[in-house]
Amino acid sequence: MKRLKLKGYSSKIDIKNIKPLWFLLIGIITMALSHLTFNIDIVGWVSMVPFLIYLSITRGWKSRLLFVLALIVAWSIIVLKIITPPIPYMLIFLYSIPISLIHLPAYLIWAKYKDHRFSVLIFPAMMVILEWVQYTFTPLASWGVAAYTQAKSIYILQFLSIFGIAGLSFLIYWVNLSVTNILLKNERSFITFKLPVVILCFVLLFGALRFEISKSTGVDTITLAAVGTDSEIGGLPLPAGNKNENDIEAILNRSKIASDFGAKIVIWTEAAFYLEPANEKYWIDSFQKLANTSNVTLVASYILLLSESPFTYENRYLLIDSKGDIIHSYLKHQPVPGEPAIKGTDPLQIFEVEGTNLGGVICYDYDFPYLAKEYGNIKADIVAVPSSDWRGIDPLHTRMAAFRAIEQGQSLLRSTRFGLSAAINPYGEMLSQMSSFDSNNKIMISQLPLKGTTTVYSLIGDIIVYLSIAFILFILFVRK
């Protein structure tokens, strides 16, 4: 491993006296502290700095191989944080290795062009392009995106309404690069220091104003309910018939109680129970009767078993209106990698319910921003999100769903098995929440705005991604 001699650097931190391997070790730690569960939001703004310093002060294939290994170790530790029963440990490498390899080109291309006049923008541009490729074209969805490091910072998250997760990720990567250049070169130029500071201040001010102003006026609302299940279905063997029927009866009773409390829309969790083709019609008749007699719209989510060998099913919900008519049937569009569910392909639709435009997805679907964008295009006001999590991603996964609400100006009601149910308004605020791990009656009543809001991002889309692509092409092929 060869080490570059840093000439003319006047940083007070004497980088050249620190062994390069220390930067890999510190980088692993800062990355692990910034992503997914048990994270510290502010660390995200500097989490990649040690890795970037390492790439700046070393060269040669051995140093790059060590960096690849360190990046994989970092992401393996990050994914390890969300592994709890019943999730197998092999999931660590099914996510950590692909995410590491997806991010790797950005680091290596930046290292090659680090002395370029606009090098401070090369790394963020490459990273947002690669993140976009990941959550648009791969089954990994948006897990690992830098923007999620700020999931608990509600003011910062309002920036999503302008440029989406690509815009926030770009800013985070830009700040990481700026800090790196300050430490290495004591560089405080306009593009390295002043501009990102000004933009970050704008983000904080804009976010505070947008969020607080949203509370200054009242809005028309609709009452909804998330209704939980007793079912613990998670694959084979399936629950015994009597246990499954008791689970169905329990969720029907809770739905009736929710309607008695004024809920106009009742949303069940993902995989609330399972049905078989032989008894599906019998139970659907019961769902329709409940909707009609209780004057409530049901988002009835369940598993329809197709085969036990091989294990195959439909992960679906039925939208049943208050007259008891089935007006829509939806299959999960993005099954989790390894989930033996039939993939849904039908275009997304909205339906007018009690004065609001209602849409729906199932759990992992809303880890893909393009699906939320489709609902933004057809002006959904509220999106029902039947979901099923596990302890390791709770409440992170519900916070991730809030990003879609802010991006598209939609409200969400996420009804979650093995996790946090929440009613989320278009500003990402959780107006109501209920954990399935608490002792409760599994009924969450909430009011959400009847209408959504129009966001800049819903109009301009991923313009940051497209500008980044144009910028990288210019650097690589026009001005070297």
Side-chain angles (χ1 to χ4, degrees), residues 1-11 13 15-16 18 20 23-24 27 30-31 44-68 70-71 100-134 145-146 163 166-200 462-480:
M1 179 175 65
K2 297 181 180 179
R3 178 175 178 157
L4 297 180
K5 188 175 181 180
L6 304 176
K7 296 181 179 180
Y9 287 6
S10 57
S11 173
I13 298 178
I15 299 295
K16 65 178 179 293
I18 301 176
F23 291 107
L24 290 182
T30 54
M31 288 285 288
W45 299 94
V46 295
S47 62
M48 288 149 279
V49 170
F51 280 168
L52 295 169
I53 290 177
Y54 175 83
L55 291 173
S56 295
I57 65 177
T58 62
R59 65 183 178 187
W61 69 269
K62 290 183 180 179
S63 73
R64 296 314 182 240
L65 180 58
L66 283 174
F67 173 73
V68 173
L71 192 60
S100 299
L101 296 180
I102 288 171
H103 291 182
L104 180 62
Y107 286 98
L108 298 183
I109 290 175
W110 172 80
K112 180 178 180 179
Y113 290 90
K114 65 181 182 298
D115 295 321
H116 191 281
R117 178 182 176 187
F118 298 111
S119 64
V120 73
L121 299 178
I122 292 176
F123 181 65
M126 279 298 305
M127 285 299 286
V128 298
I129 292 170
L130 295 173
E131 287 185 348
W132 174 76
V133 169
Q134 176 186 315
V145 168
F163 292 123
L168 182 52
S169 285
F170 189 98
L171 182 58
I172 292 170
Y173 291 124
W174 189 359
V175 170
N176 271 271
L177 231 302
S178 296
V179 173
T180 301
N181 283 347
I182 290 170
L183 291 176
L184 284 174
K185 309 175 184 179
N186 201 24
E187 181 182 333
R188 291 177 172 83
S189 64
F190 176 76
I191 195 171
T192 297
F193 179 69
K194 297 176 184 177
L195 185 55
V197 168
V198 169
I199 293 176
L200 186 55
D462 289 314
I463 190 170
I464 290 294
V465 175
Y466 307 139
L467 290 175
S468 294
I469 293 172
F471 172 73
I472 292 299
L473 291 176
F474 176 78
I475 294 297
L476 294 179
F477 301 110
V478 179
R479 184 171 181 173
K480 298 186 178 180

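Source: prediction; values computed, not measured.
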If you measure from [atom1] on [X] to [atom2] on [Y], what distance do you get to the nearest 0.5 Å?
X	Y	atom1	atom2	value
Ile182	Leu177	CD1	CG	10.5 Å
Tyr173	Met126	OH	CE	11.5 Å
His103	Met31	NE2	CE	7.5 Å
Leu55	Lys112	CG	NZ	14.5 Å
Leu121	Leu467	CG	CG	11.5 Å
Leu130	Trp132	CG	CH2	11.0 Å

Nearest non-hydrogen partners of [X] and [Y], listed with the distance:
X	Y	result
Val465	Ala166	CG2-CB, 3.7 Å
Met127	Ala106	SD-CB, 3.3 Å
Asn176	Gly44	ND2-O, 3.1 Å

Below 30° counts as parallel, above 60° as perpendicular, anything between as tilted: where do the rings of His116 and Phe118 land?
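Taking Phe118 first and then His116, their aromatic rings sit tilted (interplane angle of 30° to 60°).
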Measure from the side-chain N and O atoms of [X] to the backbone N and O of [Y], and report whether any donor-acceptor pair falls under 3.5 Å.
X	Y	result
Ser178	Thr192	yes
Thr30	Ser47	yes
Ser119	Asp115	no
Trp174	Ile191	yes

Kindly indicate whether the side chain of [X], heavy atoms from C-beta on, has any atom under 4.5 Å from the side chain of [Y].
X	Y	result
Tyr107	Leu52	yes
Leu104	Phe67	yes
Thr58	Arg64	yes
Val68	Ser100	no
Ile122	Phe471	yes
Tyr113	Leu476	yes
Pro124	Phe170	yes
Lys194	Arg188	no

One pair to check against side-chain contact (heavy atoms from CB on, under 4.5 Å): Trp45 and Leu171. What are the steps and the verdict?
CA-CA 9 Å; Trp45 299 94; Leu171 182 58; 3.9 Å; yes
May I have the step-by-step check of side-chain contact (heavy atoms from CB on, under 4.5 Å) for Ser56 and Lys114, ending in yes or no?
CA-CA 8 Å; Ser56 295; Lys114 65 181 182 298; 4.1 Å; yes
